[in-house]
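Presented below is the structure to which this report refers.
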Amino acid sequence: MAIQVLIPILLFCSEAFGQSSMPTDCADIYDQGLKASGVYTIYPAGPTSPQYSYCDMETDGGKWTVFQRRMDGSVNFYRGWEQYKNGFGHAAGEYWLGLEAIHRLTAKGNYELRVDMEDFKGNKAFAKYSSFSICNELDGYRLTVSGFQNGGAGDSLTYHTEQKFTTFDRDQDLNDGNCAVAVMGPFWHNSCYYANPNGLYTWGQNSQLGANWRGWKEFNSLKAISMKIRPLMN
């Protein structure tokens, strides 16, 4: 009997995961008529693997699947590879959806990204990118992002494009050391960062270790930041 060998193709970061009648993301939920923002169950990996996600159904037309959210410092984001792969926290508050879920979502079509943020004085800004995807675990969940649109926050993410994800226990950045350790924040680090949304929650202090978006507030820690994706609208 011949043995079939499956070789993953990493170049285009796309895979087929099959079809399901259950919602894979918040856009599916919105299209089903549920248009209130809140926590919903989505199925990025199919019907046997439900996950909770916060769905932003109001901002800029809604349909956003939030995969990262900081708001009060209640959840520790300085975590290792397995937790960033599978997700942690609580969708009603601070959480990370999981690299595998993000990969599976962005592998099924063209997605855009929006990053919303707020400082401790109540000022708000955002950055938007018309193309966002991450490859699979074999390629380190490599980030590809482009098409920056300024909502007052400036572009702090393009510097990170084509980078693999780094945690304190898996160093995949371009720095001689480990950027996740150096800045206390796992992310798609280059060498090291212009964006560190998973850094320490330092309640507005000026710190390179804080949850920062340098294009807007330099090293001043943000009060809130969320990263959300949706299928690209034509």
Side-chain angles (χ1 to χ4, degrees), residues 9-15 24-27 44 53-54 56 59-61 63-70 77 81 84-85 87 95-117 125-167 170 172-175 179-180 183 185-199 211-218 222 224-234:
I9 299 175
L10 303 178
L11 181 60
F12 299 104
C13 306
S14 60
E15 300 174 26
T24 58
D25 61 15
C26 295
S53 172
Y54 187 86
D56 180 348
T59 302
D60 189 22
K63 301 188 177 184
W64 297 102
T65 301
V66 177
F67 69 80
Q68 185 266 12
R69 188 161 69 153
R70 313 289 300 277
F77 273 67
W81 182 262
Y84 268 93
K85 174 184 174 180
Y95 78 106
W96 175 266
L97 182 64
L99 289 165
E100 185 62 25
I102 302 167
H103 161 61
R104 286 175 176 268
L105 287 174
T106 60
K108 75 184 186 71
N110 298 321
Y111 273 73
E112 59 182 336
L113 168 75
R114 180 177 169 119
V115 186
D116 283 295
M117 59 201 81
F126 71 89
K128 194 174 178 181
Y129 299 83
S130 61
S131 179
F132 172 88
S133 65
I134 67 172
C135 290
N136 59 26
E137 187 175 16
L138 289 175
D139 197 29
Y141 294 117
R142 185 188 302 273
L143 168 70
T144 300
V145 63
S146 62
F148 168 66
Q149 302 168 47
N150 197 0
D155 179 14
S156 291
L157 197 58
T158 299
Y159 174 73
H160 297 264
T161 193
E162 302 305 326
Q163 303 308 309
K164 298 179 180 181
F165 202 88
T166 288
T167 57
R170 187 167 300 193
Q172 302 189 114
D173 58 54
L174 302 183
N175 194 281
C179 286
V183 302
F187 200 59
W188 292 281
H189 288 296
N190 190 318
S191 181
C192 275
Y193 81 87
Y194 278 86
N196 189 31
N198 297 329
N212 304 324
W213 187 269
R214 290 175 59 184
W216 188 40
K217 292 294 177 178
E218 287 293 331
L222 299 170
I225 183 167
S226 63
M227 305 181 75
K228 57 194 75 172
I229 56 175
R230 71 180 174 190
L232 186 63
M233 296 181 176
N234 297 323

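Hydrogens, waters and symmetry mates are skipped; everything else that's a heavy atom, side chains included, is used. We number each residue from 1, following the sequence as shown. Small disclaimer: the values here were computed from a predicted structure and weren't measured.
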Residues in side chain to side chain contact (heavy atoms under 4.5 Å, CB included) contact with [X], at least two apart in sequence or another chain:
X: T161; value: T144, V145
X: A27; value: D25, K63, P231
X: Y159; value: N190, S191, Y194

Inter-residue atom distance [X].[atom1] - [Y].[atom2], 0.5 Å rounding:
X: T106; Y: L113; atom1: OG1; atom2: CG; answer: 10.5 Å
X: E100; Y: I134; atom1: CD; atom2: CD1; answer: 8.0 Å
X: K128; Y: D116; atom1: NZ; atom2: CG; answer: 10.0 Å
X: M227; Y: L157; atom1: CE; atom2: CG; answer: 5.5 Å
X: L222; Y: N196; atom1: CG; atom2: CG; answer: 10.0 Å
X: F126; Y: M117; atom1: CZ; atom2: CE; answer: 9.5 Å

Side chain of [X], backbone of [Y]: donor and acceptor closer than 3.5 Å?
X: N136; Y: L138; result: yes
X: T166; Y: H189; result: no
X: H160; Y: W188; result: yes

Apply ring pair (Phe, Tyr, Trp, His ring centres under 6.0 Å) to Y193 and F187, showing your working. CA-CA 9 Å; Y193 81 87; F187 200 59; 8.5 Å; no

Sole residue of K85, R142, R104 in salt bridge (Lys or Arg N to Asp or Glu O under 4.0 Å) with E137: K85

Please name the pair of heavy atoms, one in [X] and one in [Y], separated by the smallest distance, quoted to 0.1 Å.
X: T24; Y: L105; value: O-CD2, 3.1 Å
X: A125; Y: A153; value: CB-N, 3.8 Å
X: W81; Y: T167; value: N-OG1, 3.5 Å
X: G215; Y: S156; value: N-OG, 2.7 Å
X: A127; Y: W213; value: CB-CZ2, 3.7 Å
X: Q149; Y: S130; value: NE2-CB, 3.9 Å

Residues W96, Y54; criterion ring pair (Phe, Tyr, Trp, His ring centres under 6.0 Å); working and verdict: CA-CA 10 Å; W96 175 266; Y54 187 86; over 10 Å; no

Run the ring pair (Phe, Tyr, Trp, His ring centres under 6.0 Å) test against F132 and tell me which residues pass, sequence neighbours left out. F67

Considering the options R69, R114, K228, which one meets the side chain to side chain donor-acceptor pair (under 3.5 Å) requirement together with D56? K228

For K164, what residues pass the side chain to side chain donor-acceptor pair (under 3.5 Å) criterion, not counting sequence neighbours? none

Contacts of Y95 meeting side chain to side chain donor-acceptor pair (under 3.5 Å) (sequence neighbours excluded), chain-then-number -> S53

Does the Lys NZ or Arg CZ of R230 fall within the cation-pi geometry relative to Y111 - under 6.0 Å from the ring centre and within 45° of the axis? no

Taking the six-membered ring of F77, is NZ or CZ of R70 closer than 6.0 Å to its centre and within 45° of its axis? yes

Other residues, nucleotides, ligands: >12 heavy atoms within 6.0 Å of N150 CG: yes

With Q163 as reference, evaluate D173, L174, L143 under the side-chain contact (heavy atoms from CB on, under 4.5 Å) test and give the passing residue. L174

Do Q68 and N198 pair up side chain to side chain, a donor and an acceptor below 3.5 Å, judged on atom types alone? yes

